[in-house]
Amino acid sequence: MAAVDTASSESPVSVLPGLGRALVLAGKIAQKSAEEIYRKAQLSRTSFIAELTGSGVVSAFDLAHTMSTAFAAPLVDLAAIDPQRLPKDLLDSKICTDYRLVVLSKRNNRLLVATADPSDSQAAEKIKFATRLSVDWVIAEYDKLLKLVTANAATAAETIDNIIGDDFEFDEASVASLTESTDYAASEIEDAPVVKFLHKMLLDAFSMHASDLHFEPYEHNYRVRFRIDGQLREIAAPPIAIKDKLASRIKVISRMDIAEKRVPQDGKMKLKIGPDRVIDFRVSTLPTLFGEKIVVRILDPSITRLGIDALGYEAEEKARLLHAIARPYGMILVTGPTGSGKTVSLYTCLNLLNQPDVNIATAEDPCEITLPGVNQVNINDKAGLTFSAALKSFLRQDPDIIMVGEIRDLETADISIKAAQTGHLLLSTLHTNDAPSTLSRLRNMGIAPFNIASSVMLITAQRLARRLCPHCKTGVELPRETLLDAGFQEPELDASWVSYRAVGCSLCNNGYKGRVGLYQVMPVSEEMQRIILRDGNALEIAEQAAREGVRTLRQAGLHKVKLGLTSLEEVLAVTNE
């Protein structure tokens, strides 16, 4: 048991949740420890109770008994309850999963609900709003509760069987919140099971922190996969007969042509998940042998408001980037493969630069995140609105800062270079493996060396590595030869740090939860400019960058291993040296 700070326990800080205050008052944890665990929970986006029990400061047994006494609520042993005899459909399964609740019974207008945190007023309000019933709490041990909630949560594959078999009416007005407006007619795809299935998939993907949904038709089967922490995971296998209606449904609410199935299409839709929270989805269709494959990318605008610190930049890298974006003109390039977080990095920079006295214009294909105060343009090649055409127009609009979604061709690159040379700060992306090869890529596109040297200020190459779950990661002793082969230096091996491996628990995805950025931030120095002017290659630039203290992506990843944020296996998988 942790020692209790008497002064702290008499007046627990108001920022602590009710659970934390109750534990401090009961003498189960020092106020300082509770505050530290609460801060960790906020940073890792986990619940306070999960962080608390996972840290081992308070056991689930102790926590349950303390809560029972503090809130005068009965204690129940969930191990003695048969899950099959629990009432079904009294409360939405999503609420039970989100708030870790189990409904035990209903009597008159009251629900008997098992919880580990009776101080959670938000959970009580959610139940009252959803059921119009009052709540009577009983206390359960958190680990047993978590196990039962997980067992009771219906899988998406099981749910679709029930949905397809049901015969019910679905109010189209409730689906209207998915769209930007409701002025459409789609009588042929007003199929209630399909509507409800799509709605569920979108909500499930958001709640599971997925970045993409893949709807994939094959000859004899159909599957839905979510990309979670960079890994694709099969979620549902609905009947193959659903594929055409589901594709049509997605295309209607994404403002696509439902009659056109021979060419790829792009669109967007919205989902309102609360009174003041709207999530955008970017939709892409692709004709395949057995139907249209559809990929839906989740675009959460709130992620750009987390700030640059949340992206995972080290102090020196962050200082280099901030120094570059504070300059009045020049070009900043962000490079990496699709899905490496380039767009989020660019929008985080734009968010920092977005001030009332600055004119910002962006050209994207398509615009992924809406940023108030920024003039955003969707590229439309069919209508003649290309990146180069948009850039030419921007230069007549008196911009201070320009963001180009991607430099794809010589014309766009040439106009971008000229904009950076004539008093504009220009941000863009390129698909290259690392920062030094970006300069060679521009040269290969046909840009003259003196134009590259005089305009490019900084290049950031990046990757996303899965972050180890803080609750279950375990220290591991790796052979010295393995660490040296990975890229560690001899002096680093003698220092005191611990490498960790992924284990897996109920709170994570196979030992990982979330992702962390690996960055190679390379300012273009005077010596690098000389190398560019004499038409030097990427190897020479990389050697000069190393002399100037610029980490490679592998070195950035190894540093994250030393900090215990990710595993060596993950770094080796996402970097290549």
Side-chain angles (χ1 to χ4, degrees), residues 179-181 254-255 266-270 276-284 297-308 311 321-322 324-335 341-409 411-430 455-458 460:
T179 63
E180 296 182 34
S181 63
S254 303
R255 295 294 187 274
D266 293 301
K268 288 185 74 172
M269 59 184 175
K270 293 178 182 287
D276 55 356
R277 188 87 182 270
V278 177
I279 304 300
D280 291 322
F281 296 87
R282 190 182 76 189
V283 184
S284 172
R297 171 161 287 190
I298 300 174
L299 308 170
D300 187 356
S302 65
I303 196 168
T304 62
R305 295 193 289 272
L306 295 175
I308 198 166
L311 299 182
L321 181 60
L322 292 178
I325 66 174
R327 295 175 67 175
Y329 58 87
M331 180 183 285
I332 297 171
L333 296 172
V334 181
T335 75
K342 300 188 298 296
T343 300
V344 171
S345 294
L346 282 178
Y347 268 95
T348 301
C349 292
L350 287 182
N351 207 34
L352 293 172
L353 296 167
N354 188 14
Q355 301 296 330
D357 58 344
V358 176
N359 180 17
I360 303 176
T362 75
E364 301 165 79
D365 185 21
C367 294
E368 296 193 0
I369 299 170
T370 303
L371 198 59
V374 174
N375 306 291
Q376 297 173 273
V377 174
N378 256 332
I379 295 304
N380 187 342
D381 288 325
K382 290 180 181 178
L385 182 56
T386 60
F387 278 115
S388 56
L391 269 171
K392 289 175 184 175
S393 179
F394 285 171
L395 295 176
R396 295 191 289 271
Q397 294 273 321
D398 186 32
D400 298 298
I401 299 165
I402 299 171
M403 195 268 272
V404 181
E406 183 184 347
I407 295 177
R408 298 176 179 172
D409 52 57
E411 188 179 9
T412 304
D414 190 47
I415 300 171
S416 299
I417 291 281
K418 288 175 181 173
Q421 290 173 332
T422 55
H424 306 92
L425 180 65
L426 189 135
L427 295 82
S428 189
T429 70
L430 269 176
S455 59
V456 180
M457 294 190 302
L458 179 133
T460 296

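The figures here come from the full heavy-atom set of this structure, side chains too, leaving out hydrogens, waters and symmetry mates. Here, residue 1 is the first one in the sequence, and each next residue gets the next number.
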Of the non-hydrogen atoms in [X] and [Y], which two are nearest, and what is the gap between them?
| X | Y | value |
| --- | --- | --- |
| S428 | I407 | OG-CG1, 3.3 Å |
| G373 | N354 | O-OD1, 3.7 Å |
| V283 | S254 | CG2-OG, 3.3 Å |

Please round to the nearest 0.5 Å and tell me the distance separating atom [atom1] of [X] and atom [atom2] of [Y].
| X | Y | atom1 | atom2 | answer |
| --- | --- | --- | --- | --- |
| M403 | L425 | CE | CG | 12.0 Å |
| L371 | L350 | CG | CG | 6.5 Å |
| L322 | L458 | CG | CG | 10.5 Å |
| I332 | C349 | CD1 | SG | 6.5 Å |
| I360 | F394 | CD1 | CZ | 11.5 Å |
| I325 | I308 | CD1 | CD1 | 6.0 Å |

Do [X] and [Y] touch side chain to side chain, with heavy atoms closer than 4.5 Å?
| X | Y | result |
| --- | --- | --- |
| D357 | D400 | no |
| F281 | I298 | yes |
| M331 | I417 | yes |

Positive for side-chain contact (heavy atoms from CB on, under 4.5 Å) with S416, one of V404, L333, L427: V404
Residue that, paired with I415, satisfies side-chain contact (heavy atoms from CB on, under 4.5 Å) out of L391, L426, I402: L391
Partners meeting salt bridge (charged side-chain N to carboxylate O under 4.0 Å, His left out) with E406 (sequence neighbours left out): R408
Is a side-chain N or O of [X] found less than 3.5 angstrom from the main chain of [Y], in a donor-acceptor match?
| X | Y | value |
| --- | --- | --- |
| E364 | Q376 | no |
| T429 | G405 | yes |
| N380 | L385 | no |

Criterion side chain to side chain contact (heavy atoms under 4.5 Å, CB included) on V358 and L353, from CA distance to verdict: CA-CA 8 Å; V358 176; L353 296 167; 5.7 Å; no
With sequence neighbours excluded, residues passing side-chain hydrogen bond (donor to acceptor under 3.5 Å, both in side chains) with N359: N375
